[in-house]
Amino acid sequence: MKQNISRWPLLAVADVVLIILFALLGRREHEHGLGLGGILLTALPFLIAYVVMTAVSKPWATINKFWPTGILVWLGTVAVGMALRILMGKTAAISFVIVTLIVLGLFLLGRRLVAQLISRRSQKQQA
């Protein structure tokens, strides 16, 4: 747990980069401009949602937890992000919601699984 206390901001930055990558990939797939402003505007509702969900999850203690924290951060990021996206005047077609669930799930939960595997290996090597 001490590692999470000192490293959680770096791990949160990794999640933010993954959310920005999600926006970049989506814009590229749909042949939208790949300017930094457009990418950040696309990512913004999900970044805001992620920050809120992470802040309420006590990230210094839970940033790498898959269950239940990772699941809640992932689903909350998608749900709140979609609501914010709609409030910003953008669309939220069901196909977009499904792709968002899948891709952000792979990114946010996958990062946690990789971190847990690395942590377990490190603990085994120290033992």
Side-chain angles (χ1 to χ4, degrees):
M1 184 157 128
K2 286 185 181 182
Q3 285 183 336
N4 284 350
I5 290 172
S6 64
R7 292 185 7 190
W8 79 263
L10 181 62
L11 296 168
V13 168
D15 287 342
V16 165
V17 168
L18 290 169
I19 293 168
I20 292 170
L21 178 61
F22 158 73
L24 182 142
L25 293 172
R27 290 183 66 84
R28 189 191 74 188
E29 183 65 28
H30 295 285
E31 299 179 5
H32 293 354
L34 293 180
L36 184 59
I39 294 166
L40 292 177
L41 189 59
T42 300
L44 184 62
F46 302 102
L47 292 171
I48 293 169
Y50 171 78
V51 167
V52 169
M53 295 306 299
T54 299
V56 300
S57 74
K58 300 178 188 172
W60 56 91
T62 64
I63 194 74
N64 278 335
K65 287 192 176 186
F66 185 90
W67 176 262
T69 308
I71 300 292
L72 294 173
V73 167
W74 161 53
L75 293 176
T77 297
V78 172
V80 174
M82 285 297 170
L84 291 172
R85 182 176 164 83
I86 291 167
L87 288 173
M88 292 171 68
K90 304 292 183 185
T91 62
I94 190 69
S95 59
F96 179 68
V97 174
I98 291 168
V99 168
T100 303
L101 273 167
I102 293 169
V103 174
L104 287 182
L106 288 172
F107 284 1
L108 297 177
L109 298 176
R111 201 265 318 140
R112 283 162 175 76
L113 286 174
V114 168
Q116 286 181 354
L117 289 172
I118 291 170
S119 177
R120 285 184 189 148
R121 274 198 176 164
S122 175
Q123 288 173 358
K124 284 182 182 179
Q125 288 176 351
Q126 290 176 0

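All values below were derived from every heavy atom in this structure, side-chain atoms included, with hydrogens, water molecules and symmetry-related copies excluded.
F107 has its ring centre no less than 6.0 Å from the ring centre of F22.
Other residues sharing a hydrophobic cluster with V114 under the 4.5 Å side-chain heavy-atom criterion for ILVMFWY residues are I118.
No side-chain heavy atom of R85 sits under 4.5 Å from any side-chain heavy atom of L44. Put simply, the side chain of T69 does not reach to within 4.5 Å of the side chain of R112, judged on heavy atoms. The closest side-chain heavy-atom distance from V52 to V80 is not below 4.5 Å.
Not a single donor-acceptor pair under 3.5 Å links the side chain of W60 to the backbone N or O of R7. Without hydrogens or angle criteria, T62 side chain to K58 main chain gives a donor-acceptor distance under 3.5 Å. The main-chain N or O of A14 is never found under 3.5 Å from a side-chain atom of R111 such that the two would form a donor-acceptor pair.
For the side chain to side chain contact (heavy atoms under 4.5 Å, CB included) with I19, the qualifying choice from L104, L24, T42, V51 is L104, the only one to do so.
Taken from CZ in F96 to NE2 in H30, the straight-line distance is 8.0 Å, to the nearest 0.5 Å. Summarising the geometry, atom CD1 belonging to I63 is positioned 5.5 Å from atom CG belonging to D15; distances are rounded to the nearest 0.5 Å. A distance of 9.5 Å separates CG of L40 from CZ of R27, quoted to the nearest 0.5 Å. Of the inter-residue distances, the one linking L108 atom CG with L113 atom CG reads 11.5 Å to the nearest 0.5 angstrom. Here the straight-line distance linking atom NZ of K124 with atom CZ of R121 works out to 8.5 Å at 0.5 Å rounding. Atom OG1 of T54 and atom CH2 of W8 lie 8.5 Å apart (nearest 0.5 Å).
Closest approach of W74 and L101 over heavy atoms only: NE1-O, 3.0 Å. Residues A92 and M82 share a closest heavy-atom pair of CB-SD, 3.9 Å.
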